Chemist: 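I am attaching a structure below and will ask some questions about it afterwards.
Quantities reported herein were computed from a predicted structural model and do not represent experimental measurements. In this chain, residues are counted from 1 in sequence order.
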Amino acid sequence: PAEPTMVLRLKFLNDTERLARVRPDDTVGALKRAYFPGQEQQVRLIYQGQLLRDDTQSLAALHLAHNSVLHCHISQHSPAPAPTGPHASADPVHAALNVGSLMLPLFVLMLAVLWYFQLQYRHVFTATATTFLAGLTLLFSFMAFTMYRR
């Protein structure tokens, strides 16, 4: 007897949906290969708030029902392949350090120090320097709020 098929709703970040006809014994990896050919490594599937990491897990083991919603995120960049060879066991602290994520706190700290000096050594700061500092603070605040509001 043919195994029953079920329909899963693949929902994307832009609120579009795509229907996927699958069998309960299909795996997460088979679903990715069937509906995202060539993008399997870039696709992240999320079900009930949990990232489906194990591509060998069957859909039945996830207790997916007919018409269940799987949230899909497709990253623009494929993950970097795991390093091999003598440098494969490099220090994980250096690998995890993202300098870009330190720029916001560093800039906030610099602005705070400048405002501290402006308040403590008011006689050193001209009206132009204080105006520039206020404008820089407003510009930075505006940029930070628009970046992190997304």
Chemist: Just so I know, are the side chains of R9 and L70 near enough to count as touching, which here means a heavy-atom distance under 4.5 Å?
Modeler: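 Side chain of R9 against side chain of L70, heavy atoms only: no contact under 4.5 Å found.
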Chemist: Under a 4.5 Å cut-off applied to non-hydrogen side-chain atoms, are L51 and L45 in contact?
Modeler: no
Chemist: Where do T5 and R23 come nearest, in terms of heavy atoms and distance?
Modeler: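 Heavy atoms of T5 and R23 come nearest at CG2-CG, 4.0 Å.
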Chemist: Could you check whether any side-chain N or O of T146 sits under 3.5 Å from a backbone N or O of F142, counting only pairs where one atom can act as donor and the other as acceptor?
Modeler: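 Yes; at least one donor-acceptor contact below 3.5 Å.
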Chemist: Assess R21 against Y35: is NZ or CZ under 6.0 Å from the centre of the six-membered ring, and within 45 degrees of the ring's axis?
Modeler: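 Output no; distance or angle outside limits.
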Chemist: Determine whether a donor-acceptor pair (N or O, by modelled atom type, separation under 3.5 Å) exists between the side chain of R44 and the backbone of Q41.
Modeler: yes
Chemist: Has the side chain of H66 got a donor or acceptor atom that lies under 3.5 Å from a matching backbone atom of M6?
Modeler: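 No; judged by distance alone, with no hydrogens or angles, the pair does not exist.
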Chemist: Search all heavy atoms of L8 against all heavy atoms of A65 and return the closest pair with its distance.
Modeler: CD2-O, 3.8 Å
Chemist: If you define the side chain from C-beta out and look only at heavy atoms, does anything of Q120 sit under 4.5 Å from W115?
Modeler: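 No, side chains not in contact.
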Chemist: Run the salt-bridge test on R33 and E40 with the 4.0 Å N-O cut-off and return the result as yes or no.
Modeler: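 A salt bridge is absent here (no side-chain N lies under 4.0 Å from a carboxylate O).
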Chemist: May I have all residue pairs that pass side chain to side chain donor-acceptor pair (under 3.5 Å) and include part of residues 122-131, sequence neighbours excluded?
Modeler: Q118-T130
Chemist: Please tell me if the side chains of V22 and L59 come closer than 4.5 Å, counting only heavy atoms from C-beta onward.
Modeler: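 A side-chain contact exists here, since the closest heavy-atom pair is under 4.5 Å.
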Chemist: Restricting to non-hydrogen atoms, name the atom on P24 and the atom on S58 that form the minimum distance, rounded to 0.1 Å.
Modeler: O-CB, 4.0 Å
Chemist: Mark yes when over 12 heavy atoms from residues, nucleotides or ligands other than F12 sit less than 6.0 Å from its CZ; otherwise mark no.
Modeler: yes
